[in-house]
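Chain A is the first sequence line, chain B the second, and so forth, proteins listed ahead of strands; every chain is numbered from 1.
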Amino acid sequence: MQLIAKTYSPQEVEDKWYKFWEENNFFHASPTPNKKPYTIVIPPPNITGILTMGHVLNNTLQDVFIRWKRMQGFEACWVPGTDHAGIATQNVVERDLIKKGIYRRALGREEFVKKIWEWKNEYGSTIITQLRKLGSSFDWRREKFTLDPNLSIAVQEVFVKLYEKGLIYKGKYIVNWCPKDHTAISDDEVNFTESLGHLWHIKYKIQNADEYISVATTRPETMLGDSAVAVNPKDERYKNLIGKNVLLPLSNRIIPIIADDFVDAEFGTGAVKITPAHDMNDYQTGLRHNLPQLIVMDTSGKMNENVPKKYQGLDRYECRKEVLRDLEKLSLLEKMEDHTHSVGHCYRCDTVIEPYLSDQWFVKMKPLAEPALQVVKDGKIKFHPDRWTKVYEHWMENIRDWCISRQLWWGHRIPAWYCVGDSACKIECKNAIVSIEKPKSCPHCGSTNLVQDEDVLDTWFSSWLWPFSVFEGPNKKEDLEYFYPTNTLVTGPDIIFFWVARMIMAGLEFQKEIPFRDVYFTSIIRDLDGRKMSKSLGNSPNPLDVISTYGADALRFTVIYLAPIGQDVLYSNEKCEIGRNFANKIWNAARFLLMNRENLDGASLSSTSQNHNLDFIDTWISSRFSSTVKNITKALDEFNLNEAVKILYSFLWHDFCDWYVEFTKHRIYLSDDINYKTTLVDRAISIFDDSLKLLHPFMPFITEEIWQNLSERKKNETITLQDWPKWNESEIKTQIENEMIYLQNVIGAIRSIRSEMNIAPSIKLNVSMRVSDEKRILLFEQNNSILKKLTNVEEFIIGKDITKPQASASAIIMGDEIFVPLKGLIDLDVERNRLEKEILRLENQLHGVMAKLNNEKFTSSAPKDILEKELSKKENFSSSIEKLKISLLELGN
RNA sequence: GGACGCUUAGCUCAGCUGGUUUAGAGCGCCGCCCUUACAAGGCGGAGGUCGUAGGUUCGAUCCCUACAGCGUCCACCA
């Protein structure tokens, strides 16, 4: 007997078992011909990340799938790893260095990258190591990092392939520029937030006329880069101005008034200033009208040399103030109104994005998107919940090219080279040479003076290869063949475009096969007020603290218990009491069994125990267990872990502990037969043993701890590798389950009467029952002494023709009448009240049934079985009412 | 502007393609119990006209329409 403590202490067992699992390599998977693979790749957390509740949910779900499949006999492979996270990491390390007085630019690229690697080697595995605390059964031998040499080669190969296929191009386009991070970011990395701004109306003077045209803008400072003023061609107000020029204030440049359909005559003044280098729409308009693209800011968002001297060097917002002040002085500011609009922010640092014209690399997405759209439409890849497929399809059908170059130092450098040549240089030499290796010389002029592109690739450009790049290495071919495509991807819906969609494209393009079959989109964890967990709000609990107070199992169980598929979860630490209390319940069930086992020690069991027939309750619990296995397996197959955990909770707590153990307890106490007792305990242990297996994927630590103590185990035996229980359809016995419901109701009724009549638990009662059915009488006889224990009844008098004792409380259970003589124990008014209330309730029910039955349309068109059910309901209700009325009458006498 | 989701007990949510549930669970609440596994527990109980208004149907928490509130995503916003 080792389970002595009355309450379970996770802290004392969790680390021990993780170490045991890891040292025995239970989680390692390798291609095994006679076993089916089941593969999950972790959504690689950023190396700068710390463990959040989001990670907890995400990784718990994956671990449940993996552990379950492993027990089902699959070669289950869960690949751990981390993401280099370009901008995020570079920022973190740069900030770190600044504290030490070291500056990135002074350090130089090579040294700075070296510093990041040092940082990575020290802190980069923090988060993934923390996942051990959660019990995650990763194949640690396969841990990967997106910047590992093998994975980097994969990135470069893919880049070259796409380039050669014409799907990667370089060009000057307007992109989302982050002035703080000094890099372009993709459309998807921009967060729009509504904010209150202003709409300024500025007067531009028409050239050679004493007339003005007013333009409306939210960004006056960009007027320094204006190339035109546009109006709608149908706008009567401005028709005569089209083709004329205006004098751009402050810069005093002459720019044309042009007509373009995109201008909405209703908005603002109906005239728009066009700044092709600093606005997405204006950029397009500029192309249509062949307008000059004047860049007026530098990469930090400060005004550059293309603006009048007084504005040069000013930050864009300071410049705005100056421009407005100057316009005011010139009386060119017609009016200012409040205007709410959405403003793009950098998803990393929240700085306001500047649309910025620059040289960038892009991936042409349409050709990649088409097959990726198809596999989802065809159901080859399924989303759970399904509604995300619509979102996916919409995005894929309207996909835009992907800007993949980043002006950072940390990441995969673009494998493109430029001739910076010699005197012999030709125009073609300026073109990029795309190649994994540095070319020996320029193919055009022969110069050996070549430099690599300064930019690195978007982090997602390595992430989208993750489901197959993780298998890069010496066994690449076998591993890929065996483990790819992976089975299930578990991730948040927030990265459906960033990551999920792109992985599908990359899988199909480079492996000619989908990367995974099912995508499980997790819930978003929020606080009790429904706010997203975030560092700045300080509302995100540290999972490690939660684990140390409640235990990893409790945390795992709780998040799954709280997270139905596709719904957000409102979480607070206190909710972990659900999991903790459940763990404790399991713990005590184990204590009960083992204490009894110990008391019986010495009794031999094997041969004699076989001689004892199964009691009613044994058949019942087997039936319940089989249903439970069946239903849990079904729920897991359907990705419904929340449902699975509830089924298990209810089975273990209510069926097993509340009823089966309670019955068994009294069977043990009532018997003198040591063999019988031993049989009972062993049966209970056997069912409990199997139940622990069902629970193991959800609560790996406590189940291992108990399982190891439940019987003699061989060295290095583990619940982790036990077979997932199978159910036997023939053991599911509806008849038995109904009989049990009957008994539960009888017991419940007696307890209820006792409680409502305020009869002390210590007072023994006598109970008579008028039972119609022979089988039920038999059932009573079989369980008589246990029923007496469970209800504290002195004597049951059961029969078909029982007369109601005087002054007794009564109740009706599934047609049978039960009488509890009260002989002065209580005020009969209480009972009268109780009966009247019950009669009223039944009468209401009957009323509803009669409404249906009196409706001819119902009786003529309802299906037969429904009709019969209503008829039998009617019978039951009216006979019950009658019986209760008689009881009520007798009470009055 | 477009799409999606949510609205059921005081709180957080189930209710899986219309009649088997007398609308359930956990927490909270009320009452009784420290009964030899468990007070992180046991037993009993109160509490809901299933967001509003229509419609389909013999029958609607469930299907349809409109509306309201909350939330999310996409697009656009001079």
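Nearest nucleotide to the Glu756(A) side chain, out of C38(B), C58(B), G44(B): G44(B). If you check A14(B), C4(B), G44(B) against the side chain of Ser752(A), the one that comes closest is G44(B). When each of G19(B), A37(B), A40(B) is scored by its nearest atom to the side-chain atoms of Arg591(A), the top-ranked nucleotide is A37(B). Ranking A37(B), A14(B), C58(B) by closeness to the Phe858(A) side chain, first place goes to C58(B). The side chain of Lys585(A) has C38(B) as its nearest neighbour among U72(B), C38(B), G19(B). The side chain of Ile866(A) approaches G19(B) more closely than any other nucleotide in the set A37(B), C4(B), G19(B). The side chain of Ser755(A) lies closest to G44(B) when the candidates are C76(B), G44(B), C58(B). Comparing atom distances between the Lys857(A) side chain and each of C43(B), C58(B), C38(B) picks out C58(B) as nearest. The nucleotide whose nearest atom lies closest to any side-chain atom of Arg841(A) is, among U22(B), A25(B), U36(B), U22(B). When the nucleotides U12(B), C58(B), A37(B) are ranked by their closest atom to the side chain of Asn855(A), C58(B) comes out on top.
Going from atom CD1 of Ile647(A) over to atom C1' of G15(B) covers 13 Å, rounded to whole Å. Straight-line distance from the CZ atom of Arg526(A) to the C1' atom of C6(B): 11 Å, rounded to whole Å. A straight line from CD of Glu643(A) to C1' of C16(B) spans 8 Å, rounded to a whole angstrom. The separation between Ile586(A) atom CD1 and C38(B) atom P is 15 Å, rounded to whole Å. Rounded to a whole Å, the CD1 atom of Ile759(A) is 15 Å from the C1' atom of C33(B). Atom CZ in Arg400(A) sits roughly 6 Å away from atom P in A75(B) (whole-Å rounding). Rounded to whole angstrom, the span from the CH2 atom of Trp395(A) across to the P atom of C74(B) amounts to 10 Å.
In this structure, a donor-acceptor pair under 3.5 Å is present between the side chains of Asn573(A) and Tyr571(A).
Here the side chain of Asn792(A) pairs a donor or acceptor atom with the backbone of Pro761(A) at under 3.5 angstrom.
If you check every strand for non-hydrogen atoms under 4.0 Å, His654(A) touches sugar and phosphate atoms only. Asp658(A) comes within 4.0 angstrom of the backbone, heavy atoms only, and of no base. Using a 4.0 Å heavy-atom cutoff across all strands shown, Val661(A) reaches at least one base atom of the nucleic acid. Residue Trp200(A) is out of contact with every strand shown, counting any heavy-atom pair closer than 4.0 Å. At a threshold of 4.0 angstrom between heavy atoms, the contacts of Leu199(A) are confined to the sugar-phosphate backbone, with no base atom among them. Note on Pro493(A): nothing from the nucleic acid sits closer than 4.0 angstrom, heavy atoms only. Using a 4.0 Å heavy-atom criterion, one finds that Lys873(A) contacts the sugar-phosphate atoms exclusively. Within 4.0 Å of Val569(A), counting heavy atoms only, lies no atom of the nucleic acid at all. As judged by a 4.0 angstrom heavy-atom cut-off over every strand, Arg580(A) is placed among the base-contacting residues. Using a 4.0 Å heavy-atom cutoff across all strands shown, Tyr561(A) reaches sugar-phosphate atoms only and no base atom. Here Thr218(A) lies in heavy-atom contact (under 4.0 Å) with sugar-phosphate atoms only.
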- [ ] For RNA chain B, just give me the dot-bracket, please: Watson-Crick or G-U, both distances below 3.5 Å, ( ) intra-strand, [ ] crossing earlier pairs, | paired with another strand, . unpaired.
- [x] (((((((..((((.....[....)))).(((((.......))))).....(((((..]....))))))))))))....

TODO: Take Ser523(A) and Asp568(A), measure what side chain to side chain donor-acceptor pair (under 3.5 Å) needs, and give me the verdict at the end.
DONE: CA-CA 5 Å; Ser523(A) 316; Asp568(A) 290 354; 5.9 Å; no

- [ ] Assess whether ring-ring contact (aromatic ring centres under 6.0 Å, His included) is satisfied between Phe498(A) and Tyr347(A), documenting all intermediate values.
- [x] CA-CA 12 Å; Phe498(A) 280 122; Tyr347(A) 86 126; 5.8 Å; yes

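For the C1' atoms, the distance linking G31(B) with C67(B) amounts to 45 Å, nearest Å. Atom P of C62(B) sits at a distance of 50 Å from the matching atom of U36(B), rounded to the whole Å. With both ends at atom P, the span from C32(B) to C13(B) equals 33 Å, rounded to whole Å. Spacing of C1' atoms, A39(B) relative to C34(B), comes out at 7 Å, to the nearest Å. Spacing between U35(B) and G44(B) at atom C1', rounded to whole Å, works out to 16 Å. Rounded to whole Å, the P atom of C74(B) lies 30 Å from the corresponding atom of C16(B). Rounded to a whole angstrom, the distance from the P atom of C64(B) to that of G19(B) is 15 Å. With both ends at atom C1', the span from G15(B) to A25(B) equals 10 Å, rounded to whole Å.
Looking at Asp261(A), Asp282(A), Asp260(A) one by one, the single match for salt bridge (Lys or Arg N to Asp or Glu O under 4.0 Å) with Arg288(A) turns out to be Asp260(A).
The distance from atom CZ of Arg580(A) to atom OG1 of Thr558(A), rounded to the nearest 0.5 Å, is 10.0 Å. Taken to the nearest 0.5 Å, the CG atom of Leu840(A) stands 11.5 Å off from the NE2 atom of His847(A).
The aromatic rings of Phe582(A) and Tyr649(A) are tilted relative to each other, their planes meeting at an angle between 30° and 60°. Ring planes of Phe521(A) and Trp388(A): tilted class, angle from 30 to 60°. Ring geometry for His339(A) against His341(A) counts as tilted: the plane angle lies between 30° and 60°, on a 0 to 90° scale.
Mapping Phe877(A) and Pro863(A) onto RNA chain B via the closest heavy atom, the residue that lands nearer the 5' end is Pro863(A). Closest-nucleotide positions on RNA chain B for Asp282(A) and Pro10(A) were compared, and the one nearer the 5' end corresponds to Pro10(A).
Proximity of Lys665(A) to the phosphate of A37(B): a side-chain N or O atom is located under 4.0 Å from OP1 or OP2. Residue Lys789(A) places no side-chain N or O under 4.0 Å from the OP1 or OP2 atom of U35(B). At the phosphate of A3(B), neither OP1 nor OP2 sits under 4.0 Å from any side-chain N or O atom of Tyr392(A). Here Lys646(A) does not reach the OP1 or OP2 of C13(B): none of its side-chain N or O atoms lies under 4.0 Å away. Of the side-chain N and O atoms in Asn398(A), none sit less than 4.0 angstrom from OP1 or OP2 of A75(B). Proximity of Lys390(A) to the phosphate of A3(B): no side-chain N or O atom is located under 4.0 Å from OP1 or OP2.
Below the 3.5 angstrom threshold, one finds no donor paired with an acceptor across the side chain of Glu393(A) and the base of A3(B).
The closest side-chain heavy-atom distance from Trp659(A) to Ile747(A) is below 4.5 Å.
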